[in-house]
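Letters go in sequence order (proteins before strands), and every chain restarts at 1.
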There are 2 protein chains.
Amino acid sequence: MSGPTAQTSTRRRRPSQAERRARSRGALLESAARGLSRCGYGNLRLEEVARDAGYTRGALYHQFKDKEDLALAVIDWVDENWRREVGDPAKLEPDPVGELMALARGHAVFCRRDVARVVMALRMEFSGRDHAVGRRLQRASEGGVKRIARLVEAGRRDGSIPPGPPATAVARAFLGALEGAVIELAGRPPHDEVLAARAVAGVLRVDVEGSGAR
Amino acid sequence: MSGPTAQTSTRRRRPSQAERRARSRGALLESAARGLSRCGYGNLRLEEVARDAGYTRGALYHQFKDKEDLALAVIDWVDENWRREVGDPAKLEPDPVGELMALARGHAVFCRRDVARVVMALRMEFSGRDHAVGRRLQRASEGGVKRIARLVEAGRRDGSIPPGPPATAVARAFLGALEGAVIELAGRPPHDEVLAARAVAGVLRVDVEGSGAR
DNA sequence: GTAGATACATACATGTACGTATGTATGCTA
DNA sequence: TAGCATACATACGTACATGTATGTATCTAC
């Protein structure tokens, strides 16, 4: 539908209620992401989330159905940011190994913001249990595994990646080692990026170091 | 005094109260470790822990002061098992790289039991917060970091490990990549061991090909 | 301007898990 | 056997976080 009544006047735009809503939602999402990455889901106190965003729990329950809905929204939000900042740019690389390494380095940079730990924290918390949050996480993660597995297979076909364990297992190790290394080194640039690249290069058994390769 | 109390003969002695206590404590610790690795600390329900061990919460509160005390005991328990099964055997390796790779492979095997995820789960949960559990975790983890950093420095001195980022950063990446890869591949032998070795070899930038043997 | 909707704050009800107090049976000691 | 201590179960009180209901001010439409 074409915007019917929305007057985007160039003269003066005082904050409309739609803008206020979007702004509040964004602030709450960011606060919730920070809280989730710090405390996890179970230990997260919604009152603290709201207070950190400058609101009360009333605003939170006005925007989100319940705690679970909030967590799912945070997951989608982080996932979308990741795709825009890491996933899509890596597609510009011409060869599989280049794309894989771009994913690793981009993820390391992306995780310098505390927000990124959300995924790992929630996955640890919901890996075993049958929960909506866990399912959403697994769905998002599974996409990454498949993408990486395809890249590994492509790299093996063209000879840039040597043979080894099944591509799916390699992909899982790729993501696990990447996230683990990055979390342990978060906030310590530039070593986080270098060592994340080293870890995934080791998983793939390829030799790509920044300085002159042979 | 000629009773059977002090007699530790080969015959089957009936369980003393000290033995009962030790057995109960062990069962509760194992159940708590499983619960912690599955649910984390906040979501852990003590009633479930006790029930899984065949007791009620009464037994738990008889052996442990409170929930925090139980978690600390689990950490010490896991740490001690890790040292016995992984840390000490690796010391038999003659050279630094051999010891580092033995640590990686041993850790992968150790983590095939769900128990091992406790450390990672609790670290994610308490990394940011100032809590007794987090401090105990960090203390245990810091020992591993120092040991690995010393090995990295030794390997660089004798030329078996090329130069790179500071040894402490390398050690953190070593542990992070190792744990991340192992968690993602837990229960999928033999790829967990191979890929964990690959990941840490990449972090160290050493070439240790272990393929071929099964 | 009035009426309704929206964006939030405040107050209340409920459930859940923790910690403690108490009860009971069995093992140790004299 | 008496008497106490230990190992555990059961019952109770309490705190805390969630979810809901209600209240209030601002924005929008007629």
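Going from atom CG of N43(B) over to atom C1' of dT18(D) covers 14 Å, rounded to whole Å. As a whole-Å value, the separation of R20(A) CZ from dT6(C) P is 15 Å. Residue R51(B) contributes atom CZ, which lies 15 Å from atom C1' of dA9(D) at whole-angstrom precision. In this structure, L60(A) atom CG and dA7(C) atom C1' are separated by 13 Å, rounded to whole Å. Regarding L70(A), its CG atom lies at a distance of 10 Å from the P atom of dT18(D), rounded to whole Å. The CZ-C1' distance, from R21(A) to dT26(D), rounds to 16 Å in whole Å.
Distances were taken from every side-chain heavy atom of A59(B) (C-beta onward) to each of dA7(C), dA9(D), dA7(D); the shortest belongs to dA9(D). The nucleotide whose nearest atom lies closest to any side-chain atom of H62(B) is, among dA9(C), dA7(C), dC8(D), dC8(D).
Judged as a side chain to side chain donor-acceptor pair (under 3.5 Å), and not counting sequence neighbours, R139(B) has no contacts. When the side chain to side chain donor-acceptor pair (under 3.5 Å) test is applied to S141(B), no partner is found at least two apart in sequence or on another chain. In terms of the side chain to side chain contact (heavy atoms under 4.5 Å, CB included) criterion, residue partners of A121(A) (sequence neighbours excluded) are, by chain and number, M124(B). With sequence neighbours excluded, no residue forms a salt bridge (Lys or Arg N to Asp or Glu O under 4.0 Å) with E30(B). Take R129(A) and apply the side chain to side chain contact (heavy atoms under 4.5 Å, CB included) test, not counting sequence neighbours, and it matches no residue. Residues passing the salt bridge (Lys or Arg N to Asp or Glu O under 4.0 Å) test with E48(B), sequence neighbours excluded: R45(B).
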Determine all donor-acceptor pairs shorter than 3.5 Å in which one atom belongs to a side chain in residues 130-138 of chain B; sequence neighbours excluded.
residue: D130(B); atom: OD1; partner: R135(B); partner atom: NE; Å: 3.4
residue: R136(B); atom: NH1; partner: D76(B); partner atom: OD1; Å: 3.0
residue: R136(B); atom: NH1; partner: D76(B); partner atom: OD2; Å: 2.7

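A sub-4.0 Å separation between OP1 or OP2 of dT6(D) and a side-chain N or O of Q63(B) is absent. Between T56(A) and dT10(C), a side-chain N or O to OP1/OP2 separation shorter than 4.0 Å is absent. Side-chain nitrogen and oxygen atoms of S24(A) include at least one within less than 4.0 Å of the OP1 or OP2 phosphate oxygen of dC8(C).
Rotation axes derived from the C1' atoms of the five outermost pairs at either end of the helix from dG1(C)-dC30(D) to dC28(C)-dG3(D) lie 0° apart, to the nearest 10°.
Within the structure, no pair that satisfies the salt bridge (charged side-chain N to carboxylate O under 4.0 Å, His left out) test touches residues 54-73 of chain A, not counting sequence neighbours. The side-chain hydrogen bond (donor to acceptor under 3.5 Å, both in side chains) analysis of residues 32-43 of chain A, with sequence neighbours excluded, yields the pairs N43(A)-E125(B).
Ion pair E99(A)/R147(A) flagged as a salt bridge, since at least one NZ, NE, NH1 or NH2 atom sits closer than 4.0 Å to an Asp/Glu carboxylate oxygen.
For the segment residues 25-33 of chain A, no residue has any heavy atom less than 4.0 angstrom from an atom of DNA chain C.
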Scan nucleotides 16-20 of chain C against the protein and return all N/O pairs shorter than 3.5 Å with their distances rounded to 0.1 Å.
residue: dC18(C); atom: OP1; partner: L44(B); partner atom: O; Å: 2.9
residue: dC18(C); atom: OP1; partner: L46(B); partner atom: N; Å: 3.4
residue: dC18(C); atom: OP1; partner: K67(B); partner atom: NZ; Å: 3.4
residue: dC18(C); atom: OP2; partner: L46(B); partner atom: N; Å: 3.4
residue: dG19(C); atom: OP2; partner: Y61(B); partner atom: OH; Å: 2.5
residue: dG19(C); atom: OP2; partner: K67(B); partner atom: N; Å: 3.3
residue: dG19(C); atom: N7; partner: R57(B); partner atom: NH2; Å: 2.5
residue: dG19(C); atom: O6; partner: R57(B); partner atom: NH2; Å: 2.9

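In the displayed structure, E47(A) atom CD is contacted under 6.0 Å by at most 12 heavy atoms of other residues, nucleotides or ligands.
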